[in-house]
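Step one of this worksheet: look at the structure below.
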Amino acid sequence: MFQPEAPLVERRQVARDLFVLAFAAPEVAAAALPGQFVNLLLRPGPLLRRPFSVHRATEGRVEILLRAVGAGTAGLLALRPGDCVSLLGPLGAGFRLDAAWGSIALLSGGLGVAPFPLAAQAARAAGLEVTWVHGARTAADLCSEWEGDRVVWATDDGSRGFAGSAVDAVPEVGAILACGPNPMLAAVARRWPEAQVAVETYMGCGTGVCLGCAVPKAAGGYDRACSEGPVYRAGDIDWPALPDHLHYRLTA
Amino acid sequence: MFQPEAPLVERRQVARDLFVLAFAAPEVAAAALPGQFVNLLLRPGPLLRRPFSVHRATEGRVEILLRAVGAGTAGLLALRPGDCVSLLGPLGAGFRLDAAWGSIALLSGGLGVAPFPLAAQAARAAGLEVTWVHGARTAADLCSEWEGDRVVWATDDGSRGFAGSAVDAVPEVGAILACGPNPMLAAVARRWPEAQVAVETYMGCGTGVCLGCAVPKAAGGYDRACSEGPVYRAGDIDWPALPDHLHYRLTA
Amino acid sequence: MTDVGVVLGSLALRGPVLAASGTFGYGTEVPLLERRALGGMVSKGIFLRPRAGTAPPRIVETPSGMLNAIGLQGPGVEALIRDYAPAWAGWEFPVLVNLNGESVEEYGELAARLDGVPGVAGFEVNISCPNVDQGGMYFGNDPVAAARVTAAVRRRTRLPVWVKLTPMVTDIGVIARAVEAEGADALCAVNTFVGMSIDLRTRRPRLANRTGGLSGPAVRPLAVHLANQAAGAVRIPVVGIGGIATAEDALEFLVAGCAAVQVGTATFIDGGAIAAVHDGIAAYLEREGIASLEKLPRCLPRD
Amino acid sequence: MTDVGVVLGSLALRGPVLAASGTFGYGTEVPLLERRALGGMVSKGIFLRPRAGTAPPRIVETPSGMLNAIGLQGPGVEALIRDYAPAWAGWEFPVLVNLNGESVEEYGELAARLDGVPGVAGFEVNISCPNVDQGGMYFGNDPVAAARVTAAVRRRTRLPVWVKLTPMVTDIGVIARAVEAEGADALCAVNTFVGMSIDLRTRRPRLANRTGGLSGPAVRPLAVHLANQAAGAVRIPVVGIGGIATAEDALEFLVAGCAAVQVGTATFIDGGAIAAVHDGIAAYLEREGIASLEKLPRCLPRD
Ligand SMILES: Cc1cc2nc3c(=O)[nH]c(=O)nc-3n(C[C@H](O)[C@H](O)[C@H](O)COP(=O)(O)OP(=O)(O)OC[C@H]3O[C@@H](n4cnc5c(N)ncnc54)[C@H](O)[C@@H]3O)c2cc1C
Ligand SMILES: Cc1cc2nc3c(=O)[nH]c(=O)nc-3n(C[C@H](O)[C@H](O)[C@H](O)COP(=O)(O)OP(=O)(O)OC[C@H]3O[C@@H](n4cnc5c(N)ncnc54)[C@H](O)[C@@H]3O)c2cc1C
Ligand SMILES: Cc1cc2nc3c(=O)[nH]c(=O)nc-3n(C[C@H](O)[C@H](O)[C@H](O)COP(=O)(O)O)c2cc1C
Ligand SMILES: Cc1cc2nc3c(=O)[nH]c(=O)nc-3n(C[C@H](O)[C@H](O)[C@H](O)COP(=O)(O)O)c2cc1C
Ligand code: FES
Ligand code: FES
């Protein structure tokens with residue numbers, strides 16, 4: 001785990017309202033595994049750090065993908081090249097990959113696409129065939145970048161690719177990795193309890209000490225999303241007890 | 001009184017650590033009188049506005065002069081051209097000028113020079129002969145810009161101009177306007193009770209409603225620096241009761 | 001347009017947002033505010049006699065908050081009647097006078113003197129004052145003293161009597177019920193929280209008064225909780241106060257069981273804060289399909 | 001180098017900065033912290049038996065603060081003794097165990113079970129727990145209950161007993177004196193402040209537990225005041241807690257009369273916070289020409 005002051009080195013738009021930010025943070029980039037996250041601090045800015053999946057990690061750069069949903073994300077998107085954030089990471093336990101599966105689908109809804117470029121690279125390096133399944137409300141919201149051997153698009157309104165939930169567009173594969181809104185992941189769990197899912201929780205510390213990021217387990221009790229998670233076997237989570245973390249905002 | 005979102009249009013350095021920021025705020029610039037102040041809000045930034053004397057007000061621009069002493073001033077100095085602040089003003093009651101005086105001295109210590117370019121212009125327009133008397137610790141701290149008919153420099157260490165307090169370098173004139181640290185103004189009051197001085201107080205609102213900016217009066221009771229002040233007849237203030245507002249800071 | 005009017009006992013307000021005591025002067029010095037949005041106003045705290053207030057410094061900024069120790073500086077009740085009340089009489093929203101005393105009798109006398117004065121629509125009784133008869137303990141910290149102050153004011157007026165609670169108590173419900181029992185028409189929750197800040201240069205408190213009252217967004221979660229507790233304890237309406245700067249903030253108090261809210265510190269920062277809060281509440285109700293503020297679902301402690 | 005060591009009763013600390021309970025786990029999961037700067041550590045709160053904790057969401061960010069409702073999730077005292085205490089025994093700073101109970105007896109049993117366990121240097125008694133025997137009222141809200149808990153722990157151990165006060169009381173001095181009288185070695189002031197935040201989408205509290213404890217810079221001015229009041233009320237040392245993120249913040253508590261401080265929320269944000277606070281205190285003393293922390297002038301309520 002490292003905590004460098006990391007300068008913004010690139011910002012690019014990948015969909016309507018969706019951006020990739022790249023920070024120079026060589027030790028973190030070198031250590032990051034797919035499904036892990038970084039915890040960013042803006043100064044001046046809100047009190048707590050903000051967790052983001054590692055989107056890509058190459059050439060000393062850590063990329064994250066985000067949309068402005070509140071003060072923290074808006075502040076990050078207002079950064080200009082050279083501006084620094086304190087970048088803590090890599091954190092959490094990432095996706096498990098097994099060559100024996102032969103093929104995998106990386107299933108994402110909206111922002112849930114965030115961890116998958118790094119996962120796709122690692123999966124292909126492990127000899128897996130990668131299908132990129134990405135859904136959003138409408139074509140303009142689909143993340144334009146993808147990685148893997150083939151891609152399946154899905155939109156709620158049918159404006160591009162499969163018409164409907166990305167969950168219904170997943171082909172036959174050896175294993176499924178999923179990320180997206182918690183209710184979508186609950187649907188994944190019902191269909192594929194063996195899938196690996198990356199969940200969102202509110203976090204205090206990101207390092208295992210505050211117990212704020214409780215993930216209710218099917219077997220009872222709570223796990224820490226920042227330490228045992230954020231990636232879980234879908235069937236291991238008590239989904240009705242996991243909040244969906246959609247804040248209501250009057251002005252967003 | 002106006003409250004525009006005002007973009008930064010210029011930033012220039014005028015001494016070691018001393019900067020002038022210019023904001024585009026046409027109504028405020030048109031209305032501002034010498035000795036008045038503006039109250040600036042940074043977002044994100046500290047909760048309250050920060051008061052600054054109007055340094056110059058020309059061509060739709062309001063200029064302020066400042067040094068970084070805390071979070072608010074540091075944030076202002078980190079602004080880049082085009083960044084906006086909420087600029088409330090003009091506020092307070094400024095300097096009185098009377099052509100009958102014939103000549104005046106504008107006496108400043110350090111940052112206290114802030115209100116005087118505007119005052120010098122107004123005084124000359126009123127037909128007064130203006131002597132600019134400006135002191136600082138050392139030559140590098142003297143504000144390089146000045147206005148008026150003649151200038152007297154003073155430094156504590158004698159590195160430029162008069163060696164000693166600027167208060168001791170004031171020539172014979174018809175009237176004195178002074179601004180600087182409150183202890184310096186107390187010295188002015190002892191020598192020239194008729195001088196007009198601009199004082200500093202902590203402020204809550206800047207608009208007369210909170211009573212936070214209390215100025216203890218020689219006659220008893222308190223005035224509001226933001227409304228009846230910040231300019232006072234020096235002899236009217238109960239100086240021992242006026243705090244000097246020098247915050248101690250470990251890291252500055 | 002959604003109906004944001006509220007009825008608080010005998011007082012009908014056109015909107016739920018009032019200006020808080022001590023943050024709005026006497027209503028005559030706030031040029032930027034869009035008055036159309038004001039549901040009402042509470043005057044700066046008044047005593048029987050003029051008061052000079054405390055020595056400066058009176059203000060310290062803290063993280064997302066500010067401490068103040070103004071010491072209830074003011075002109076006294078006679079000057080208030082002479083200089084301000086006549087203007088209030090012509091305003092399109094009610095003005096309540098914030099009452100302060102050093103003894104139970106002083107509160108009663110103030111109410112008697114102001115009762116019937118044109119422009120005075122009601123009273124907000126500030127019980128966060130030191131009780132000189134009881135060694136400076138606050139009236140508001142003790143249910144018996146709080147009840148006696150309420151009763152003293154109630155006996156001397158038929159105007160609405162609101163009582164403003166201090167947060168510095170173990171159980172705000174006990175004070176709330178004691179005050180309700182003596183005939184208060186509404187409760188205001190809450191006043192500022194006692195705090196302190198130290199100057200490391202002098203190693204003395206920054207405020208000349210040593211301690212001051214904390215206000216601003218920092219206290220909002222505490223104030224929402226206390227307002228919710230108070231609302232759960234009584235049947236009379238509760239007016240929520242503490243750290244409100246946006247419509248969302250105000251709506252937290254309204255959902256927590258408040259009938260109206262007051263905005264204080266935020267008006268120091270933005271002369272349009274009250275209008276923004278008022279308009280945002282109306283927009284929220286509209287968007288959520290809630291026909292009127294009275295129909296907003298509340299979430300009381302027992303729910 | 002300036003001496004920043006402090007002696008708290010029978011416990012000598014190499015520095016005045018401790019890690020606060022619940023913000024540091026059991027000390028085993030904080031890889032960034034510079035341990036050299038730790039004066040001591042207080043464990044996450046422990047109960048006799050394992051506890052699952054409350055349902056999520058457990059955390060809400062607020063202006064300059066955060067609400068938490070963790071529900072004292074933990075493995076129970078036997079697992080603590082087995083899994084963590086052995087490591088503590090080898091550390092170069094003392095570890096105090098934060099004790100929690102639902103009855104007076106549970107507190108006493110916990111102390112008895114932990115007394116003499118290698119690695120356990122003392123106790124911090126958390127009296128901000130609901131007293132199940134008395135309808136869920138907090139022990140810490142009532143001087144009698146607070147005293148009984150203190151006595152129960154005191155009887156069962158000769159290790160240092162610190163009692164951590166809740167801020168949610170009318171007069172913290174009364175509780176402080178009651179606890180001192182039962183033999184507490186030090187007081188910790190203060191625990192979190194009860195707060196609430198409402199989700200406007202669901203119109204329900206954001207925390208599954210409805211209310212939570214407010215910590216972080218927002219509460220600092222309140223905590224400094226309460227620590228100052230507590231320090232003025234007793235002769236035993238007071239440990240200041242609440243919103244400390246920098247050396248200046250810590251020095252406010254020390255000047256206000258505290259012998260040491262604890263840092264909580266700030267460590268979530270900066271893994272180097274405790275080291276920065278420790279080093280900054282030493283630098284301040286050096287710069288001010290104060291030979292040791294014990295010589296720092298204090299400013300108690302009566303001064
Ligand atoms: C492990 C993990 C990985 C994540 N990866 C990404 C990512 O790659 N891209 C992305 O855009 N977002 C991601 N999120 C969500 C992201 O952290 C939140 O959107 C962000 O914290 C919102 O901050 P804000 O200040 O803009 O919003 P605000 O609503 O103002 O934040 C208020 C508080 O709520 C928390 N919060 C708000 N929304 C969420 C949320 N959905 N999940 C968790 N906490 C939240 C914030 O951290 C903060 O403490 C991830 C969350 C977790 C836990
Ligand atoms: C009428 C008036 C005119 C002023 N004109 C100027 C000017 O032209 N140039 C300039 O550099 N400064 C001026 N000041 C002082 C300036 O307002 C403070 O330096 C500034 O507010 C410090 O903010 P900060 O966040 O950097 O410091 P911090 O110390 O972090 O501020 C903390 C709080 O203390 C207040 N504060 C701190 N120092 C002062 C001070 N010296 N006076 C008043 N309040 C203070 C801040 O406003 C804030 O509320 C003026 C003050 C007043 C009252
Ligand atoms: C400068 C100032 C002066 C105040 N004066 C009074 C007063 O005279 N009487 C009173 O009851 N409350 C007074 N208050 C408290 C406010 O009315 C309000 O309860 C408190 O500030 C919390 O609201 P806020 O966070 O919106 O400011 C004052 C507050 C401030 C900041
Ligand atoms: C997530 C979290 C968990 C906490 N758990 C405990 C606890 O188990 N026992 C206890 O006495 N205090 C607990 N506290 C309170 C802290 O020890 C401390 O008193 C409080 O957070 C104020 O300090 P701070 O502002 O530095 O965080 C907890 C605080 C937080 C934020
Ligand atoms: S976020 Fe603190 S334990 Fe997971
Ligand atoms: S700053 Fe509020 S009255 Fe002057």
Side-chain angles (χ1 to χ4, degrees), chain C residues 60 62-67 137-138 140-142 166-171 175 193-206 210-212 214 216-229 243 245 247-249 251-256 284 288 296-299 301 303, chain D residues 60 62-67 137-138 140-142 166-171 175 193-206 210-212 214 216-229 243 245 247-249 251-256 284 288 296-299 301 303:
Chain C
V60 176
T62 67
S64 299
M66 61 177 275
L67 291 169
M137 183 36 175
Y138 293 139
N141 286 354
D142 171 12
T166 167
M168 308 307 286
V169 294
T170 305
D171 185 348
I175 314 280
F193 295 70
V194 181
M196 186 177 193
S197 173
I198 304 273
D199 183 331
L200 296 180
R201 184 174 51 99
T202 60
R203 290 188 277 274
R204 304 281 318 158
R206 285 191 213 268
R210 286 190 71 96
T211 63
L214 187 67
V219 307
R220 193 172 62 238
L222 309 181
V224 169
H225 167 64
L226 292 165
N228 182 247
Q229 293 289 109
E248 288 92 330
D249 303 341
L251 283 158
E252 287 203 42
F253 282 91
L254 296 170
V255 171
Y284 173 86
E288 296 281 313
L296 178 71
R298 314 291 168 138
C299 172
D303 298 343
Chain D
V60 175
T62 67
S64 298
M66 61 177 274
L67 291 169
M137 187 32 177
Y138 293 139
N141 285 354
D142 171 12
T166 166
M168 308 307 287
V169 295
T170 305
D171 186 347
I175 314 280
F193 294 70
V194 181
M196 187 177 192
S197 173
I198 304 273
D199 183 332
L200 296 180
R201 183 174 52 99
T202 60
R203 290 188 277 276
R204 306 281 314 159
R206 283 191 214 269
R210 288 190 69 96
T211 62
L214 188 67
V219 307
R220 192 172 61 240
L222 309 181
V224 170
H225 167 64
L226 292 165
N228 182 246
Q229 292 290 108
E248 287 93 330
D249 303 342
L251 282 159
E252 288 202 41
F253 282 91
L254 295 171
V255 171
Y284 172 86
E288 296 281 314
L296 177 72
R298 315 290 167 141
C299 173
D303 297 343

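Here is the naming used below: chain letters follow the sequence lines, and residue numbers restart at 1 for every chain.
- No side-chain heavy atom of Arg203(C) sits under 4.5 Å from any side-chain heavy atom of Arg298(D).
- At a threshold of 4.5 Å between non-hydrogen side-chain atoms, the residues Met196(C) and Gln229(D) do not count as touching.
- Heavy atoms of Leu222(C) lying under 4.5 Å from chain D belong to its backbone as well as its side chain.
- For the set Ser197(C), Pro221(C), Pro297(C), Ala218(C), the count of heavy-atom pairs under 4.5 angstrom toward chain D peaks at Pro221(C).
- Contacts between Thr62(C) and chain D at a heavy-atom distance below 4.5 Å involve the side chain alone, from C-beta outward.
- Between the side chain of Thr170(C) and the backbone N or O of Thr170(D) there is at least one donor-acceptor pair closer than 3.5 Å.
- Ile198(D) is not listed as a side-chain neighbour of Leu251(C), based on a closest heavy-atom distance of 4.5 Å or more.
- For chain C, the nearby part of Leu296(D) is the side chain; its heavy atoms alone come within less than 4.5 Å.
- The candidate from Ala223(D), Pro217(D), Pro63(D) with the greatest count of non-hydrogen atom pairs under 4.5 Å with chain C is Pro63(D).
- For Tyr138(D) (side chain) and Thr166(D) (main-chain N/O), no donor-acceptor pair under 3.5 Å exists by modelled atom type.
- Residues Arg204(C) and Asp199(C) form no side-chain contact, since every pair of their non-hydrogen atoms from C-beta on lies 4.5 Å or further apart.
- Residue contact with chain D, scored on non-hydrogen atoms closer than 4.5 Å, involves the backbone and the side chain of Asn141(C) alike.
- Taking chain C as the reference chain and counting heavy-atom pairs below 4.5 Å, the highest number among Ala256(D), Ser64(D), Gly65(D) is found for Ser64(D).
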